[in-house]
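The structure under discussion appears below in the form of structure tokens.
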Amino acid sequence: MTLRKGEKMTISIQEHMAIDVCPGPIQPIKQISDYFPRFPRGLPPTAAPAISRTGSLHSSTSQPSSLTPSETQREDEDIDRVFGAMAAPSKKEEEPEVEGYDSDDSTTLGTLDFSLLYDQENNALHCTINKAKGLKPMDHNGLADPYVKLHLLPGASKANKLRTKTLRNTLNPAWNETLTYYGITDEDMVRKTLRISVCDEDKFRHNEFIGETRIPLKKLKPNQTKNFNICLEKQLPIDKTEDKSLEERGRIMISLKYSSQKAGLLIGIVRCAHLAAMDANGFSDPYVKTYLKPDVDKKSKHKTAVKKKTLNPEFHEEFFYEIKHCDLTKKTLEVTVWDYDIGKSNDFIGGVTLGINAKGERLKHWFDCLKNKDKKIERWHTLTNELPGSVLSD
């Protein structure tokens with residue numbers, strides 16, 4: 001190679017590395033270039049880059065480069081990637097990694113096999129939890145102690161939580177267990193969603209969440225069993241705009257009948273289901289009170305017997321209010337459920353109001369009673385913690 005006067009000799013990166021590793025004379029570049037990684041697409045195949053001692057890039061030939069500025073910038077990025085230069089990766093390189101991680105994580109949670117049946121005649125929702133497969137390991141031994149719990153949304157609370165038994169040391173549990181919600185109405189089937197969560201039970205710390213799925217109940221047809229086999233998902237956020245004042249506290253079955261012979265309203269307190277637990281033992285000692293308002297003389301109060309240690313009491317008690325049929329359009333029936341305590345004030349569990357100013361199933365029940373004299377009409381109603389302040393003290 002001949003040098004012009006004043007021109008410094010440049011050595012390509014290939015020649016520099018060949019000097020370090022090859023004993024004896026330097027071999028021609030064409031014979032050792034195959035040992036180096038090929039450049040990515042975007043570099044000219046005939047123009048191998050050369051790096052000078054000052055860090056500037058030169059073509060291996062003496063002809064000037066014909067690359068545009070954008071091609072030169074892309075070439076710089078390609079060289080940085082090949083030779084490990086300290087260049088920050090582009091955003092396009094980061095996005096596929098994030099998406100791939102999420103996808104891998106969600107597929108390792110496992111699948112859940114279950115079936116749902118809405119018994120319209122008996123107002124019951126039967127949830128049969130069959131089995132799970134390939135659950136995510138949660139314990140140090142590479143296994144888990146899984147169980148399944150159910151909630152009804154909106155209005156999720158301890159009162160409407162159901163759960164299966166726990167199976168130990170398995171990632172493929174088979175429960176074959178049926179959990180039943182009583183007091184489910186057609187209105188519930190339209191607006192409610194069933195949340196099914198799989199969790200890992202721990203004896204010495206908080207139970208851990210594995211995965212969940214949510215089924216809108218409007219997807220079910222009455223009296224037809226629907227089977228599901230669904231991949232579990234990460235925990236989904238619950239709508240924070242949901243009104244907490246309407247937290248569900250259980251269900252109550254009430255019968256109404258206007259007796260023409262006795263000229264009065266006959267109210268039956270049949271049973272309650274899924275009541276909120278108010279005592280430390282996980283149960284309540286419930287009883288029911290009824291009022292027909294406005295109650296000027298304060299003589300409309302009736303009370304059932306107390307049922308000990310139960311969240312699903314059966315009362316089968318009836319109360320009679322002597323009143324003209326035409327006056328019922330001006331009255332409101334308030335039904336409240338309480339937890340009996342010795343030595344302190346009783347705890348309010350929940351209540352429901354029926355009358356001409358009520359809405360939904362509560363209004364329909366009252367209207368059907370007024371329309372059909374001498375006919376007993378039974379309906380389930382949802383108990384909430386929202387009632388007039390006058391009844392919130394026993």
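Residues take their numbers from the sequence shown, with the count starting at 1.
- Sorted by first and then second residue, the salt bridge (charged side-chain N to carboxylate O under 4.0 Å, His left out) pairs involving residues 124-134 (not counting sequence neighbours) form an empty list.
- Looking at every heavy atom in both residues, Pro286 comes nearest to Pro313 through CG-CG, 3.6 Å.
- Looking only at distances, a side-chain donor or acceptor of Lys192 sits under 3.5 Å from a matching main-chain atom of Pro154.
- A heavy-atom distance below 4.5 Å is found between the side chains of Thr329 and Leu370.
- In this structure, Glu317 contributes its side chain and Ala305 its backbone to a donor-acceptor pair below 3.5 Å.
- Cluster membership check: Leu232 shares its hydrophobic cluster with Phe228, using side-chain heavy-atom separations under 4.5 Å among Ile, Leu, Val, Met, Phe, Trp and Tyr.
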- Task: Check step by step if side-chain hydrogen bond (donor to acceptor under 3.5 Å, both in side chains) holds for Thr178 and Thr128.
- Result: CA-CA 4 Å; Thr178 299; Thr128 301; 3.0 Å; yes

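- Contacts classified as ring pair (Phe, Tyr, Trp, His ring centres under 6.0 Å) and involving residues 119-144 (residues at least two apart or in different chains) are not found.
- Counting all heavy atoms, side chain and backbone alike, Gly134 lies closest to Asn172 at N-OD1, 2.9 Å.
- Taking hydrophobic clusters as Ile, Leu, Val, Met, Phe, Trp and Tyr residues chained together by side-chain heavy-atom distances below 4.5 Å, Ile377 does not share a cluster with Ile323.
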- Do Leu143 and Thr170 pass the side-chain contact (heavy atoms from CB on, under 4.5 Å) test, and can you show the C-alpha distance, the side-chain angles, and the key distance before you say yes or no? CA-CA 5 Å; Leu143 300 174; Thr170 178; over 6 Å; no

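- Sorted by first and then second residue, the pairs that involve residues 348-373 and meet salt bridge (charged side-chain N to carboxylate O under 4.0 Å, His left out), not counting sequence neighbours, are Lys364-Asp368, Asp368-Arg379.
- Once rounded to the nearest 0.5 Å, the distance linking OG1 of Thr304 with CD of Glu318 reads 13.0 Å.
- Listed by first and then second residue, the side-chain hydrogen bond (donor to acceptor under 3.5 Å, both in side chains) pairs involving residues 253-263 are Ser260-Asp374 (not counting sequence neighbours).
- Residues Lys293 and Leu333 are not in side-chain contact: their nearest non-hydrogen atoms beyond the backbone lie 4.5 Å or more apart.
- Under the 3.5 Å distance criterion, the side-chain polar atoms of Asn122 are left unmatched by any main-chain donor or acceptor of Ala124.
- Residues in residues 319-333 take part in no salt bridge (charged side-chain N to carboxylate O under 4.0 Å, His left out) pair, two or more places apart or across chains.
- Considering CZ of Arg271 and CD of Glu378, their distance stands at 10.5 Å, rounded to 0.5 Å.
- Using a 4.5 Å cut-off on side-chain heavy atoms (C-beta onward), Ile230 and Phe114 make contact.
- With sequence neighbours excluded, the residues satisfying ring-ring contact (aromatic ring centres under 6.0 Å, His included) with Phe319 are His302.
- Residues Trp380 and Leu220 fall into different hydrophobic clusters, defined by Ile, Leu, Val, Met, Phe, Trp and Tyr side chains chained together at heavy-atom separations under 4.5 Å.
- Between the His381 side chain and the Leu354 main chain, no donor and acceptor come within less than 3.5 Å of each other.
- Atom CG of Leu150 sits about 11.0 Å away from atom CZ of Arg195, to the nearest 0.5 Å.
- In terms of hydrophobic clustering, with Ile, Leu, Val, Met, Phe, Trp and Tyr side chains grouped at heavy-atom distances under 4.5 Å, Phe315 and Val352 are assigned to a common cluster.
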- Would Leu125 and Thr180 count as a side-chain contact (heavy atoms from CB on, under 4.5 Å) if you check the C-alpha gap in whole Å, the side-chain angles of each, and the deciding distance to 0.1 Å? CA-CA 6 Å; Leu125 177 64; Thr180 302; over 6 Å; no

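- Tyr321 places a side-chain N or O within 3.5 Å of a backbone atom of Ser300 that can act as its donor or acceptor partner.
- Taking OG1 of Thr332 as the reference point, atom CG of Leu292 lies at 8.0 Å (rounded to 0.5 Å).
- Note that the CG atom of Asp202 and the CG atom of Asp200 stand 4.5 Å from one another [nearest 0.5 Å].
- Salt bridge Glu212/Arg214: present, at least one basic N to carboxylate O contact under 4.0 Å.
- Ring geometry for Tyr287 versus Tyr340: interplanar angle over 60°, hence perpendicular rather than tilted (30 to 60°).
- Scanning all heavy atoms of the two residues, the minimum distance from Ala358 to Leu363 falls at O-CB, 3.4 Å.
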- Message: Does Leu152 form a side-chain contact (heavy atoms from CB on, under 4.5 Å) with Thr193? I'd like the steps, not just the answer.
- Response: CA-CA 6 Å; Leu152 286 175; Thr193 295; over 6 Å; no

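- Within the 4.5 Å cutoff, the side chain of Thr225 has no heavy atoms near those of the Leu116 side chain.
- Judged by distance alone, the side chain of Asn281 and the main-chain N or O of Phe283 form a donor-acceptor pair under 3.5 Å.
- Ile196 is connected to Leu162 through a chain of hydrophobic side-chain contacts under 4.5 Å among Ile, Leu, Val, Met, Phe, Trp and Tyr, so both are in one cluster.
- Judged by distance alone, with hydrogens and angles left aside, the side-chain atoms of Asn312 form no donor-acceptor pair with the main-chain N or O of Ala273 at under 3.5 Å.
- When hydrophobic side chains of Ile, Leu, Val, Met, Phe, Trp and Tyr are connected at separations under 4.5 Å, Phe320 ends up clustered with Leu266.
- When the side chain to side chain donor-acceptor pair (under 3.5 Å) test is applied to Gln120, the partners found at least two apart in sequence or on another chain are Asp186.
- Residue Asn176 holds its CG atom at 9.0 Å from CG of Asp113, rounded to the nearest 0.5 Å.
- Here the side chains of Val288 and Thr336 are not in contact, with every heavy-atom distance at 4.5 Å or above.
- Between Met189 and Glu187, every side-chain heavy-atom pair lies at or beyond the 4.5 Å cut-off.
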- For Leu383 and Val335, run side-chain contact (heavy atoms from CB on, under 4.5 Å): C-alpha distance rounded to whole Å, both residues' side-chain angles, the deciding distance at 0.1 Å, then the answer. CA-CA 9 Å; Leu383 298 169; Val335 181; 5.7 Å; no

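- Partner of Tyr147 under the side chain to side chain contact (heavy atoms under 4.5 Å, CB included) criterion, out of Leu167, Asn207, Ile210, Ile129: Asn207 alone.
- Within the 4.5 Å cutoff, no side-chain heavy atoms of Leu275 are placed close to those of Arg249.
- Sorted by first and then second residue, the salt bridge (charged side-chain N to carboxylate O under 4.0 Å, His left out) pairs involving residues 168-181 (not counting sequence neighbours) are Asp145-Arg168, Lys165-Glu177, Arg168-Glu201.
- Legend: residues meeting ring-ring contact (aromatic ring centres under 6.0 Å, His included) with Phe367, ordered by chain and number and at least two apart, are absent.
- Contact record, Gly183 with Arg251: O-NH1, 2.6 Å, taken as the closest heavy-atom pair.
- Heavy atoms only, all atoms of each residue included: Val198 and Pro146 are closest at CG1-CB, 4.4 Å.
- Looking only at side-chain heavy atoms (C-beta outward), Leu265 and Ile267 come within less than 4.5 Å of each other.
- Annotation: side-chain contact (heavy atoms from CB on, under 4.5 Å) contacts of Asp339 (sequence neighbours excluded): Met278, Asp279, Ser284, Asp285, Asp341, Asp347, Ile349.
- Among residue pairs with one or both ends in residues 169-226, those qualifying as ring pair (Phe, Tyr, Trp, His ring centres under 6.0 Å) are Tyr181-His274; sequence neighbours excluded.
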